[in-house]
Novice: 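What follows is a structure written as C-alpha cells; I'll ask about it next.
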Amino acid sequence: MDLTMMDVTAYFAKAAVSLTNVFQEHILAEHKLTHIHTQSSAFIFPVSGKAWVHSGREKFFITPGRILHIHERETLHIENCGEQDVQFIVAQYQVAIRSDDDLYDDAFVLRVSDTTIYLEDAVRLLDMQALPGAMAALQRRTLFFQLIERCMEGVRDQQLQSTVDVMESIVAYIQQQYREKINVTKIAEKFQIERRRLAYLFEKHTGLSPNAYITAYRISKAKELLERVDLSIAEVAERVGYDDCFYFSRVFKKQTGYAPSTYRRKQIVAWTTM
C-alpha cells in the first residue's frame with residue numbers, strides 16, 4: 001500500500017490502540033523457513049538477518065531498518081534469504097473502533113534511517129511483556145506509543161536523507177549536462193519527480209530554482225571560457241548550452257553586469273597588470 005509517514009502518524013494519533021502481545025522469533029541460518037500466525041495486527045521489528053515475509057499473495061522484504069506492519073489473522077511464511085540467523089520482535093495490537101479504510105487491515109513497510117531508533121525500545125517492550133499488574137500494563141502501552149513515535153521520526157529522517165541524495169544527484173546531473181538542452185521539466189521526467197515538487201525541494205536544497213541554478217552554472221562556465229582568447233563569443237555560448245549568441249549575451253549581462261566581450265576585456269587587462 002502506498003502510504004506516507006503522515007498517514008501512519010495521523011492514524012496512531014487518533015486510534016484507540018491496546019497492545020495485546022509481544023514476542024520474539026529466531027530463525028537459525030540453517031533453518032530457512034518458519035511460520036507465525038497473527039491474531040491481531042502487528043509490527044515486526046527486524047533485529048538481525050534478511051528474510052522474505054509471505055502474506056497471502058503479498059511478499060515483503062525485511063532486514064534491520066525495514067519495519068513491517070501486518071494485518072490480523074494472517075499466517076506468515078518467513079523465509080530466511082541471508083547467511084545469518086534472522087531475529088525479529090513482533091508487537092501485536094488491537095484498536096477499539098474500526099473503519100473500512102483504516103490502517104489496521106493494511107500491510108506496509110516503514111523504512112527508518114537507523115535501527116537504534118527502535119531496537120532499544122522494542123527489546124524493552126519484549127522484556128516487560130511478562131510483568132504483571134496495571135502499572136506494568138500502562139508502562140507497556142506508553143512504551144509502545146513511544147516506539148511508534150520514534151519509528152515515525154526515523155521514517156521522516158530516512159525520507160529527508162533520500163531527498164538530499166536525490167537533490168545531490170540532480171545537481172551532479174546539471175553539472176554534467178549543462179551543455180545540453182535541459183530544463184526543470186526534463187529533469188523532473190528523468191528523476192520521476194512531479195515538476196512543482198522538484199522545484200520546491202531543489203530550491204530548499206540549493207537556494208536556487210532549477211532553472212536559475214542551470215543559468216548560474218552555465219554563466220560560471222562561460223566566465224572560464226571567456227578567459228581563452230581563441231574562442232569567439234558564439235563558440236563560448238554554444239559550449240555552455242546556448243544556441244543563440246545574442247540571447248546568451250543578454251543572460252550573461254543580466255547575471256554579471258557586463259556583456260561577454262566587456263568581461264573578456266576586463267580579464268585581459270587584469271592579466272596584463274598582474
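One is the number of the first residue; the rest follow in order along the sequence. Quantities reported herein were computed from a predicted structural model and do not represent experimental measurements.
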Novice: Roughly how far, to the nearest 0.5 Å, is NZ of K14 from OG1 of T9?
Specialist: 12.0 Å
Novice: Give, for atom CD of E120 and atom CG of L143, the distance between the pair rounded to the nearest 0.5 Å.
Specialist: 9.5 Å
Novice: Hydrophobic clustering (ILVMFWY, side-chain heavy atoms < 4.5 Å, transitive) - are M167 and V164 grouped together?
Specialist: no
Novice: Hey, is the main chain of I182 close enough, under 3.5 Å, to the side chain of E180 for a donor-acceptor pair?
Specialist: no
Novice: Would you please test H54 and E79 for side chain to side chain contact (heavy atoms under 4.5 Å, CB included) and show each step?
Specialist: CA-CA 8 Å; H54 302 264; E79 174 190 359; 3.1 Å; yes
Novice: Is the positively charged end of R218 above the ring of Y242, judged by distance under 6.0 angstrom from the centroid and angle within 45° of the axis?
Specialist: yes
Novice: OG of S249 to NZ of K254: how many Å apart, nearest 0.5 Å?
Specialist: 14.5 Å
Novice: Side chains of I62 and V109, heavy atoms from C-beta outward: is any pair under 4.5 Å?
Specialist: no
Novice: Is it true that a side-chain atom of N183 and a backbone atom of I187 form a donor plus acceptor pair closer than 3.5 Å?
Specialist: no
Novice: Side-chain heavy atoms under 4.5 angstrom apart, residues restricted to Ile, Leu, Val, Met, Phe, Trp, Tyr: same cluster for Y247 and V240?
Specialist: yes
Novice: Any donor-acceptor pair under 3.5 Å linking the side chain of R140 with the backbone of L19?
Specialist: no
Novice: Just to verify, what does E238 make a salt bridge (Lys or Arg N to Asp or Glu O under 4.0 Å) with, not counting sequence neighbours?
Specialist: none
Novice: Looking at OG of S55 and CG of L68, how far apart are the two atoms once the value is rounded to the nearest 0.5 Å?
Specialist: 8.0 Å
Novice: Can you tell me if S209 uses its side chain to pair, donor with acceptor, with the backbone of A212 under 3.5 Å?
Specialist: yes
Novice: Membership question, hydrophobic clusters at under 4.5 Å side-chain separation (ILVMFWY): are I117 and L147 in the same one?
Specialist: no
Novice: Would you name the heavy atoms of P64 and G49 that are closest together and state the gap between them?
Specialist: CD-O, 3.2 Å
Novice: Should Y11 and D7 count as side-chain neighbours, where that means a heavy-atom distance under 4.5 Å?
Specialist: no
Novice: Does some side-chain heavy atom of L110 sit less than 4.5 Å from a side-chain heavy atom of Q158?
Specialist: no
Novice: So which heavy atom on A91 is nearest to which on L125, and how close?
Specialist: CB-CD2, 4.3 Å
Novice: Would Q255 and T215 count as a side chain to side chain contact (heavy atoms under 4.5 Å, CB included) if you check the C-alpha gap in whole Å, the side-chain angles of each, and the deciding distance to 0.1 Å?
Specialist: CA-CA 9 Å; Q255 291 286 315; T215 298; 3.8 Å; yes
Novice: Which pairs pass ring pair (Phe, Tyr, Trp, His ring centres under 6.0 Å) with one or both residues in residues 166-189, sequence neighbours excluded?
Specialist: Y173-F191, Y178-Y217
Novice: Is F88 close to Q24 at the side-chain level, that is, under 4.5 Å between some pair of heavy atoms?
Specialist: no
Novice: Once you round to the nearest 0.5 Å, how far does OG of S18 lie from CZ of R141?
Specialist: 8.0 Å
Novice: Quick one: side-chain contact (heavy atoms from CB on, under 4.5 Å) partners of L28, sequence neighbours excluded?
Specialist: H26, E30, H31, D85
Novice: Please name all residues satisfying side chain to side chain donor-acceptor pair (under 3.5 Å) with R195, sequence neighbours left out, ordered by chain then number.
Specialist: T185
Novice: Return yes if a side-chain donor-acceptor contact under 3.5 Å exists between Y213 and Q175, otherwise no.
Specialist: yes
Novice: Can a donor-acceptor pair be found, under 3.5 Å and without considering hydrogens, that links the side chain of T262 to the backbone of Y258?
Specialist: no
Novice: Minimum heavy-atom separation for Y118 and C151, please, with both atom names.
Specialist: CB-SG, 3.8 Å
Novice: Taking salt bridge (Lys or Arg N to Asp or Glu O under 4.0 Å) as the definition, give me every residue that meets it alongside R150, ordered by chain and number, with sequence neighbours left out.
Specialist: D121
Novice: Begin from the C-alpha positions of Y263 and F252 and carry the test ring pair (Phe, Tyr, Trp, His ring centres under 6.0 Å) through to its verdict.
Specialist: CA-CA 9 Å; Y263 180 85; F252 190 94; 5.5 Å; yes
Novice: Would you say V86 and F61 are hydrophobically clustered, going by side-chain heavy atoms of ILVMFWY under 4.5 Å?
Specialist: no
Novice: Taking L33 as the starting point, is it possible to reach V53 by hopping between hydrophobic residues whose side chains are less than 4.5 Å apart?
Specialist: no
Novice: For the NE2 atom of H35 and the CD1 atom of I27, what is their distance to the nearest 0.5 Å?
Specialist: 9.5 Å
Novice: For the pair R179 and R239, evaluate side chain to side chain contact (heavy atoms under 4.5 Å, CB included) and give the outcome as yes or no after the intermediate values.
Specialist: CA-CA 6 Å; R179 302 176 185 85; R239 291 195 182 195; 5.6 Å; no
Novice: Decide side chain to side chain contact (heavy atoms under 4.5 Å, CB included) for E83 and K50; before the verdict, give the C-alpha distance in whole Å, the side-chain angles of both, and the deciding distance to 0.1 Å.
Specialist: CA-CA 8 Å; E83 300 299 324; K50 301 175 182 179; over 6 Å; no
Novice: I'd like to check the salt bridge (Lys or Arg N to Asp or Glu O under 4.0 Å) partners of K181; sequence neighbours left out, ordered by chain and number.
Specialist: D243
Novice: Which residues pass the side chain to side chain donor-acceptor pair (under 3.5 Å) test with Y93, not counting sequence neighbours?
Specialist: H69
Novice: Got a sec: does the CZ of F246 have more than 12 other heavy atoms crowding it under 6.0 Å?
Specialist: no
Novice: Please report the closest heavy-atom contact between A107 and I70, naming both atoms and the distance.
Specialist: CB-CD1, 4.0 Å
Novice: Between D114 and T116, does any side-chain donor sit less than 3.5 Å from a side-chain acceptor?
Specialist: yes
Novice: Spell out, as yes or no, whether a donor-acceptor pair under 3.5 Å connects the side chain of R264 to the backbone of L226.
Specialist: yes
Novice: State, to 0.1 Å, how close I233 and P260 come at their nearest heavy-atom pair, and which atoms those are.
Specialist: CD1-CB, 3.8 Å
Novice: Could I get the full list of salt bridge (Lys or Arg N to Asp or Glu O under 4.0 Å) partners for K221, not counting sequence neighbours?
Specialist: E224
Novice: Do I44 and L76 touch side chain to side chain, with heavy atoms closer than 4.5 Å?
Specialist: yes
Novice: Looking at every non-hydrogen atom in both residues, tell me the closest pair between V95 and V17 and how far apart they are.
Specialist: CG1-CG2, 3.8 Å
Novice: Are F43 and F145 an aromatic pair, judged by ring center distance below 6.0 Å?
Specialist: no
Novice: Decide yes or no for V47 and L119: does some side-chain heavy atom of the first lie under 4.5 Å from some side-chain heavy atom of the second?
Specialist: yes
Novice: Does some side-chain heavy atom of I214 sit less than 4.5 Å from a side-chain heavy atom of V184?
Specialist: no
Novice: Side chains of L225 and E235, heavy atoms from C-beta outward: is any pair under 4.5 Å?
Specialist: no
Novice: Who are the ring-ring contact (aromatic ring centres under 6.0 Å, His included) partners of H71, not counting sequence neighbours?
Specialist: none
Novice: Side chain to side chain donor-acceptor pair (under 3.5 Å) with S40: which residues, sequence neighbours excluded?
Specialist: T20
Novice: Would you please name every residue forming a side chain to side chain donor-acceptor pair (under 3.5 Å) with T75, sequence neighbours left out?
Specialist: H37
Novice: Quick one: side-chain contact (heavy atoms from CB on, under 4.5 Å) partners of A234, sequence neighbours excluded?
Specialist: S232, C245
